[in-house]
Structures are given as structure tokens and as C-alpha cells.
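Naming: A, B, ... by sequence-line order, numbering from 1 per chain.
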2 protein chains.
Amino acid sequence: MATKNDGNTGRLQAELKKRRPFESPHQEAVLNVLRTNDQFQNKFGRLFRHFGLTPSQYNVLRILRGVGKPMPCLDIASRMIQVVPAITGLIDRLEAQELVARDRCTEDRRVIFVTLTDKARKLLDQMDEPVMGLHRGLVGHLTQAELKELSRLLEKARERVESVEIPGDSPQTP
Amino acid sequence: MATKNDGNTGRLQAELKKRRPFESPHQEAVLNVLRTNDQFQNKFGRLFRHFGLTPSQYNVLRILRGVGKPMPCLDIASRMIQVVPAITGLIDRLEAQELVARDRCTEDRRVIFVTLTDKARKLLDQMDEPVMGLHRGLVGHLTQAELKELSRLLEKARERVESVEIPGDSPQTP
DNA sequence: TGCGGATAGTTTACATGTAAACAAATCGGC
DNA sequence: GCCGATTTGTTTACATGTAAACTATCCGCA
């Protein structure tokens, strides 16, 4: 479809009802990522809610199933995109739903292993098909080549994230 | 920091691989969008924090500046990605910082116009350069062609979002 | 042995995002 | 003119996400 023109006046601009074109293709690309994410997240959030889960809760369960054995809290946190302290409450609520269990490690009493319950395993199995269906529904109209290229570009976009310095920020020296 | 989606998708993909040679690039693309967004959001969040703003607050101010005149709350909400009730608190805090003002419309007393203050305008002007810098920093290593293609693919990905039905959900009739 | 620092989790404080219920004001039809 | 539906915004309840401070443990090393 050659309806794309040479100017960078895209759909996002129309959606946001902006009056002026984007100041740079950089900005346009970044905002496109943010907006696409929001719309995807919204759909997944609703799907998960039908199963009584929030996106974060589903994420934790998927991570635990993927690893296949109990994990310390911080290991879970490191696989989530976000940071630590939220994990506590997250695990609390999953525990209240009997989807995970906490076991304190005997060798290192600081560590608490989080274990997936059978109930959670069944729930996840039940969700697999709808989740895959939503993935296909969201991007199934892109060609295989487009999907591959999209993934490649996003991976490339993330290559520099770690080293990007925030203007006005004092550089971190970990 | 894992740059590949190895962990949380591993088992499902492995299971599917056992049965089919086909691996879903749909899932990969969707997860790439989510992960890229998280990393970008994180950077912008830190930048905004240096100026005493949250991402949502900055968004509201940008929208108000873009429109150039007072806006009703719901008009602002409709341009934000998210939904209505959060706007109230958002405006509350911006008002407390004297970055916006509320004016009740005399003709339709239900409507409350939100106005940008001079203080906010100065703050935004001050932020323009760092924000653009961060945009460039995040995706500046992609070529112009890649940026255009990335935006095109993301826009195409969003084309179907509205019509995607959530598996197990009763269809929406807004 | 025992201290200082590092590590694993938790708690607290605050800003969001989502859903549901609600109040105030306006509009439409009769 | 009046009643009910609609529109606009707010409130309430709950789950996150972020930062900072705190607790319990463990580890290295003198």
C-alpha cells in the first residue's frame, strides 16, 4: 500500500490530533512505540482480568513456569522489566490467591523461594490459547517479513538504551 | 540485563517447537514492543523527574501547549492514552504546583476548562531541548530509513487494535 | 571472634491506571 | 414546562511502579 508519503505525517500524528508534523523521525518513532505499547497493554490487561489476574501477576506466573522451579524474589524481579519493592506486594496477592507459595531457604535465610502451585499451572494452561490468540490478533495482519523486521528494529532500538545518558542527569557510576 | 526474551517465553515456545517447526513471530514482535516501551518509559520518567514532573503530568502540559488554549478535562483525557477518572487527580496535582488552573465554563457549568500557566510554559520551554535530546539518544543510532520503517510498522500494527476481539470476552459496543 | 559491608526482602510514601458508582448540569421529547 | 437520558467530572477501592529507609542475614577478613 503506497499510501505512505514522503513526509513523516503519520497515523500517530492524526491520532493525537497534533497540528504540526513531528519535529523529527526520532520523536515519531519513540512516540509510536509508546502508543503501540499502551494499546497492546490495554488489550492484554482485559484478557488477563477475565482470569482474575493483572498483567504483572500473569508475568510472574509465566516467569515461574518458564524457569520450572522455585525462584528467589529478586530473581523474579530481575526478569520483570521493573524494579524490586513492588515484588513483595505482587507475591503477597498471588499467595492470597493460592497461585504461589513462599518457602524460606534453609541455607540462606535471607532468601525466599517462590513456588508455582498446581492451581496456577492449570490456570496458565487454560490461558495459553487465548493469549496466543491475542498475539496473533494484534499483529497477525503483518507479514512474516514485517514481523521479523519489526522485531529487529525494536531490538536495535534497545541496544543503546543502557548507555543513553539522560540530559541534565549526573551520570551513574555503578 | 537480558536483552533477549529468553526467560519468560521459553517453555511455551519450547512446547510449541516440539510439535511444530513454526515459531510465532507474533509473540516475539508483541513482546519486543512491550519491552522496548518499558525501557524508554524508564528513561523519560527519570528525565521528567529532574523537572519535578511525572510522565503523565508532562503529557498533560504538552497537550495543553499543543492546543494553545484552555481545554475541558475530557478533551485532555481523550488525547491521553488512558481513561477518564485519573485525570481528576492529575489536574489536582498540576494545579497544586501552579502549572495549570481550573476555570468553570459559564455557559455549560458541567465543563471545567484547564489552562496552562506561564510557569508551566517556561518549564516546558526549558525541557524541550533535553527531551529532544533523549529522543535522539534513544533511537539516534537507527538510520532515517529504519526510523521511517519502524514507525510504519508500528502504525500498521495499531491498525487492527480497535477491532481485535479479546478471546473469551463479550464483544464491545461503544 | 566479631565487625563492616553487601545482599535479600520488606515497609512507607506518593503518583498512576482501571473499574464502578455517583453528583451536577444539560438536553430532548412529550 | 417537566421527566428521564446523557454528558462531565469526581470519588472510592484496589493494584502497580518508584524511591528511600529499614531489617535480617550472610560473608570476608583482620
Touch class at under 4.0 angstrom, heavy-atom based, for Pro55(A) against every strand present: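 No contact at all - Pro55(A) keeps every heavy atom at 4.0 Å or more from the nucleic acid.
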Sugar-phosphate only, base, or nothing, as touched by Glu107(A) at under 4.0 Å among non-hydrogen atoms: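 Sugar-phosphate, backbone atoms only, no base.
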Any donor-acceptor pair under 3.5 Å from His26(B) side chain to Gly137(A) backbone: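 Looks like no, no N/O pair under 3.5 Å.
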Arg109(A) side chain near dC26(D) phosphate (N/O to OP1/OP2, under 4.0 Å):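 So the side chain of Arg109(A) is outside the cut-off, no N or O lying under 4.0 Å from OP1 or OP2 of dC26(D).
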Contact under 4.0 Å: Ser56(A) side-chain N or O vs dG17(D) OP1/OP2: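 Affirmative; the distance criterion is met.
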Test side-chain hydrogen bond (donor to acceptor under 3.5 Å, both in side chains) applied to Asn32(A) and Arg158(B), step by step: CA-CA 9 Å; Asn32(A) 266 312; Arg158(B) 287 202 305 278; 2.9 Å; yes
Whole-Å distance between [N] [atom2] and [X] [atom1]?
X         : N       : atom1 : atom2 : value
Arg104(A) : dT25(D) : CZ    : C1'   : 9 Å
Gln41(B)  : dG17(C) : CD    : P     : 9 Å
Leu47(B)  : dT18(D) : CG    : P     : 16 Å
Phe48(B)  : dT16(C) : CZ    : P     : 12 Å
Gln39(A)  : dG17(C) : CD    : P     : 15 Å

Phe40(B) ring center near His135(B) ring center (under 6.0 Å):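 Ring centres of His135(B) and Phe40(B) not closer than 6.0 Å.
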When you measure from the side chain of [X], which nucleotide among [options] comes out closest?
X         : options                   : result
Asp108(B) : dT8(D), dC26(D), dT26(C)  : dT26(C)
Val111(B) : dA19(D), dT16(D), dG9(D)  : dG9(D)
Gln57(B)  : dT16(C), dT16(D), dT18(C) : dT16(C)

Residue whose closest nucleotide on DNA chain C lies nearer the 5' end, Arg49(A) versus Pro72(A):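 Between the two, 5'-proximity favours Pro72(A).
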Heteroatom pairs (N/O) under 3.5 angstrom, protein to nucleotides 10-14 of chain C:
residue : atom : partner   : partner atom : Å
dT10(C) : OP1  : Arg102(A) : NE           : 3.4
dT10(C) : OP1  : Arg102(A) : NH2          : 3.4
dT10(C) : OP2  : Thr88(A)  : OG1          : 3.0

Cys73(A) side chain reached by Phe113(A) side chain, heavy atoms, under 4.5 Å: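 Phe113(A) does not reach Cys73(A) side chain to side chain.
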Check: Arg110(B) side chain, dT7(D) base, donor-acceptor under 3.5 Å: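 Indeed there is one.
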Which residue lies more 5' along DNA chain D, comparing Leu90(A) with Phe113(B) via nearest heavy atoms: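 Between the two, 5'-proximity favours Phe113(B).
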